[in-house]
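Letters A, B, ... are given to chains in the order of the sequence lines, protein chains preceding strands, and every chain is numbered from 1.
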Amino acid sequence: MITVTLPDGSKREYTTGTTGGDIAYSIGERLGKAALAVKVNDKIIDLNRPITGDADVAIITLKSDEGLELIRHDAAHVMAEAVQELFPGTQVTIGPAIENGFYYDFAREQPFTDSDFEAIENKMREIIKRDEPFTREEWSREDAIKFFKDKGEEFKVELIQDLPKDEILSIYKQGEWTDLCRGPHLPSTGKVGTAFKLMKVAGAYWRGDSNRPMLQRIYGTVWRDKKELDAYLHLLEEAEKRDHRRLGQELELFHLQEEAAGSVFWHPKGWTLYRQVENYVRNQISAAGYVEVKTPQLIDRKLWEKSGHWDKFRKNMFIIKDSDNSELEDHESTCSCGCHGAKDKNEDNVRYLAVKPMNCPAHVQIFKQGTKSYRDLPLRMAEFGCCHRNEPSGALHGIMRVRQMVQDDAHIFCSEDQIISETKEFCALLLKMYKDFGFENVGVKIATRPELRAGTDETWDKAEKGLIEATEATGLSFDLAEGEGAFYGPKIEFHLTDAIGRTWQCGTLQLDFVLPERLDAEYTGEDGNKHRPVMLHRAILGSLERFIGILIEHYAGAFPVWLAPVQAVVATITNEFDDYGQQVVDTLKKHGIRVESDLRSEKITYKVREHSLKKVPYILAVGGKEKETNSVAVRTFGSEGQKVMGLDEFIAMITDQAKMPA
RNA sequence: GCUGGUGUAGCUCAGUCGGUAGAGCGGCGCAUUCGUAAUGCGUAGGUCGUAGGUUCAAGUCCUAUCACCAGCACCA
């Protein structure tokens, strides 16, 4: 006999080898039917596997997230079977459950297109209707390799070969269809249900490695029932309306165009927003003891070689050959060879300049001017640094991933024993500022040493340890991102989420023992000896472009008054009151309010609709009544109706709301 | 960079079998002067991303290229 402890703490006795399914039915008929799998001592296993000892047992049903994840995983298997039935010769690889659904990666010569989705979905429904039981078998390595080799499943063979020697190979069958899988699985395909939809097909590298073959990944979404599925699809539609690229155009914030791919054309309204954000940051960091600098765009190759960028980052840098243009013109005007190329008289003397991709080496140059003492530390040097990086074409994305960006960058030069206090202060400042922008949920990761890196392992040991300790000291919880650090040091990453749930790294703090060494920065310590400062590279917003992109999606374009490019529009009821309307506009302008007038001979309903669509915080309608009493009829964005208030009263209210957070 | 898709008026999009390029919104003009999410009428906008090719004829078919979209890889 074994003793089973249920989640409510009650204990029951069963014969040894009883299954999760048996337990579910022994508790109740309905639970038995609803059971999908069973959690035994925190490990989820199939319902029909025997339980051989005393254990904590929980029956997994669709009510739990774990149950939902199970049907998503099984939907992937069902899709794989469907695809192989419909498209013989397609090889299967891996297919996990993910947030909102699943994907499965296939190898097939011909591409899948969305027009294949209907057929695949229908076949999936057929398989689900067949309600094939999932059965688990344990095979020997040799048998498994032979089986998949015979089937021509090279990718599966590779997976098996790479599994640890002592790992038990579990094979799952759903009807006739066989797959290598760790499990667990549902009792049968019928449990997957019908609330699923194939979403998109895209390429994905085998094992995430760009040197290996590209597979075809089909994504699907799966929910408990049709209602949940519809709700999710509706959510996606709504999210589309928040897309910063769409709002950027609708609200006349910025545009992008082919001739400057990856660089933003900021329009007056967008630039107003940008400047608000920039000035806010400037105020905040100034209060936090930073000094602001500005450094060159073009810097000689020599400095980048010293810093290590030339070695480790060159593929992302825009590099310019510094030739004498007058010579070039002379050559072009006199020569008939048509070469029109820069022919340098002496190739040995050619200089190369790089447009800066980062500000750090330049900041070290400022640090190195004159001598520094321990009394100067920590020296917090900030710059709204305009950086260019030649990002791969496929990486560009609206204003979130661009080739020209402005970082709210700073480098804190400090001593080793200041790392923890500086990190703590930085994290506090970052969280405060994010909160002012309305972000409460921030994902935190610590990224450790990458393969391509500068500095010794000892240095990295020290840096990683220091950063983790400092972050722990701030009380933030974080995930580790192994191998994702910068080439000069490990980093803390702060991630924000866009409208459709993609996360973007914004803030960062990177601990660097390498650059001060390479660029020979030093200060005189209390002991009178020379010491290396530590550099903390840090950004709060990350890049203004990306952050503003996120900000647009976060507020769906309806900015709080302090950020709104246009804070109020004065709209006259009829042209008879244009004089008064203009007077109101002038008064508001005098009070520093960003206000526009709408004196067109349109109906007030038309004007209200238009400015509402532009998400202007306040629409002030003025007509006869308002003129008589020196008031305005205020319509607040997001609410119906209006409130008549004295102009002074309105000014007091909006001025208060327009204040930048302190 | 890779895989797939898309590119037609300022915007959103239609354009069948290859046969003289269309709608709605917006713009402009005129009328209207109106009290909280679209007033009416009229009118002007296009080298169909770019470059080649096939064809009597190309928005439509083919090739190349650029940009964008989704995902992957890379990254703030």
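Of all nucleotides listed (B:A76, B:C72, B:C74), B:C72 comes nearest to the side chain of A:Tyr205. Checking B:A73, B:U36, B:C68 against the side-chain heavy atoms of A:Ser210 singles out B:A73 as nearest. For A:Glu626, counting side-chain heavy atoms from C-beta on, the closest listed nucleotide (B:U39, B:G35, B:A76) is B:G35. The side chain of A:Pro392 sits closest to B:C74 out of B:C74, B:A67, B:C69. With B:U39, B:G71, B:U32 as the choices, the nucleotide that has an atom nearest any side-chain atom of A:Ser601 turns out to be B:U32. Side-chain proximity of A:Arg401 to the nucleotides B:C74, B:C2, B:A38 is greatest for B:C74. Candidate nucleotides B:A37, B:C11, B:C34 were compared by shortest atom distance to the side chain of A:Val608, and B:A37 ranks first. Closest to the side chain of A:Ala204, from the set B:C72, B:A70, B:A38, is B:C72. With B:G71, B:G26, B:C34 as the choices, the nucleotide that has an atom nearest any side-chain atom of A:Lys603 turns out to be B:C34. In the set B:C2, B:A76, B:U36, B:U36 carries the atom at the smallest distance from any side-chain atom of A:Ile604.
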Inset, instruction - For the pair A:Asp209 and A:Arg207, evaluate salt bridge (Lys or Arg N to Asp or Glu O under 4.0 Å) and give the outcome as yes or no after the intermediate values. - result: CA-CA 5 Å; A:Asp209 182 344; A:Arg207 300 196 140 180; over 6 Å; no
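With hydrogens and angles left out, the side chain of A:Ser543 and the base of B:A76 share a donor-acceptor pair within 3.5 Å. Judged by atom type and distance alone, A:Glu391 reaches the base of B:A76 through a side-chain donor-acceptor pair under 3.5 Å.
Here A:Lys491 reaches the OP1 or OP2 of B:A76: one of its side-chain N or O atoms lies under 4.0 Å away. Taking only side-chain nitrogens and oxygens, A:Arg217 never comes nearer than 4.0 Å to OP1 or OP2 of B:A70. Remark: A:Arg403 is not in phosphate contact with B:C75, judged by side-chain N or O atoms under 4.0 Å from OP1 or OP2. For A:His397, no side-chain nitrogen or oxygen approaches OP1 or OP2 of B:C75 to under 4.0 Å. Contact annotation: A:Gln505 does not reach the phosphate of B:C75 (side-chain N/O to OP1 or OP2, under 4.0 Å). Regarding contacts with the backbone of B:G26, a side-chain N or O of A:Tyr606 is found under 4.0 angstrom from either OP1 or OP2. For A:Arg635 and B:A37, the shortest distance from a side-chain N or O to OP1 or OP2 is below 4.0 Å.
Straight-line distance from the OH atom of A:Tyr104 to the P atom of B:C72: 18 Å, rounded to whole Å. In this structure, A:Arg245 places its CZ atom 17 Å from P of B:G7, rounding to the nearest Å. The distance from atom CZ of A:Arg502 to atom C1' of B:A76 is 16 Å, rounded to the nearest whole Å. Put simply, CZ on A:Arg246 is 9 Å from C1' on B:U12, counting in whole angstrom units. Between the OH atom of A:Tyr103 and the P atom of B:A73 there is a distance of 8 Å, rounded to whole Å. Summarising the geometry, the separation between CD on A:Glu610 and P on B:C11 is reported as 17 Å, rounded to the nearest angstrom. Taking atom NZ on A:Lys614 and atom C1' on B:C11, their separation rounds to 10 Å, with Å as the unit. For the pair A:His244 NE2 and B:C69 C1', the computed distance is 12 Å after rounding to whole Å.
Base orientation of B:G59: anti, since the glycosidic angle falls outside 90° of 0. Glycosidic conformation of B:C68 is anti; the angle lies outside 90° of 0.
Under the 6.0 Å cut-off for aromatic ring centres, A:Phe102 and A:Tyr104 do not qualify, their centroids lying 6.0 Å or more apart. Remark: aromatic rings of A:Phe313 and A:Tyr488 are distant, center separation not under 6.0 Å. Checked against the 6.0 Å centroid threshold, A:Phe254 and A:Tyr274 do not count as a close aromatic pair.
If you take atom P in B:U55 and the same atom in B:U60, they sit 16 Å apart, rounded to whole Å. For the P atom pair drawn from B:U8 and B:G46, the interatomic distance equals 15 Å after rounding to whole Å. Atom P of B:U54 sits at a distance of 31 Å from the matching atom of B:C68, rounded to the whole Å. Here, B:G24 and B:U36 have their C1' atoms 25 Å apart, quoted to the whole Å. For the P atom pair drawn from B:A67 and B:U50, the interatomic distance equals 15 Å after rounding to whole Å. Spacing of C1' atoms, B:C28 relative to B:A64, comes out at 41 Å, to the nearest Å. Across B:A9 and B:A23, the matching C1' atoms stand 11 Å from one another, rounded to whole Å. Separating the C1' atom of B:A51 from that of B:U43 is a span of 36 Å, rounded to the nearest Å.
Heavy atoms of A:Gly398 sit under 4.0 angstrom from primed sugar atoms or phosphate atoms, though from no base atom. Residue contacts for A:Gly624: at a heavy-atom cut-off of 4.0 Å it reaches a base atom on one of the strands shown. Within the 4.0 angstrom heavy-atom criterion, base atoms lie near A:Ser612. The residue A:Leu613 sits close to a base: some heavy atom pair falls under 4.0 Å. Contact annotation for A:Lys625: base contact, defined as any heavy-atom pair under 4.0 Å involving a base atom. Base engagement by A:Met400 is indicated by at least one non-hydrogen atom pair under 4.0 Å involving a base atom.
Under the Watson-Crick or G-U wobble criterion, with both distances below 3.5 Å, B:U6 is paired with B:A67. In a base pair of the Watson-Crick type (N1 to N3 plus N6-O4 or O6-N4) or a G-U wobble (N1-O2 and O6-N3), with each distance short of 3.5 Å, B:A23 is matched with B:U12. Pairing for B:U32 is absent, judged as Watson-Crick or G-U wobble with the two contacts each under 3.5 Å. With a 3.5 Å ceiling on both atom-pair distances, B:U47 lacks any Watson-Crick or G-U wobble partner. Pair assignment for B:A37 gives none, since no Watson-Crick or G-U wobble pairing has each distance under 3.5 Å. Pair assignment for B:C61: B:G53, on the basis of Watson-Crick or G-U wobble contacts that are both within less than 3.5 Å. Across all strands shown, the partner of B:G1 is B:C72, judged by Watson-Crick or G-U wobble contacts whose two distances both fall under 3.5 Å.
Checked by atom type, the side-chain pair A:Gln84/A:Glu153 shows a donor-acceptor distance below 3.5 Å.
Between A:Lys491 and A:Glu493, at least one side-chain N (NZ, or NE/NH1/NH2) sits under 4.0 Å from a carboxylate O, which counts as a salt bridge. Of the charged side-chain nitrogens involved, at least one lies within less than 4.0 Å of a carboxylate oxygen, so that A:Arg217 and A:Asp105 count as a salt-bridged pair.
Counting heavy atoms from C-beta outward, A:Lys269 and A:Lys614 have side chains that stay 4.5 Å or more apart.
Using cut-offs of 30° and 60° for the angle between ring planes, the A:Tyr280 and A:Phe437 rings count as perpendicular. By the 30° and 60° cut-offs, the orientation of the rings of A:His411 relative to A:His363 is perpendicular.
Residue-to-nucleotide proximity on RNA chain B shows that, of A:Trp504 and A:Val622, the 5′-proximal contact is made by A:Val622. Of the residues near RNA chain B, A:Gln216 and A:Asp243, the one whose nearest nucleotide (by heavy atom distance) lies more toward the 5' end is A:Gln216.
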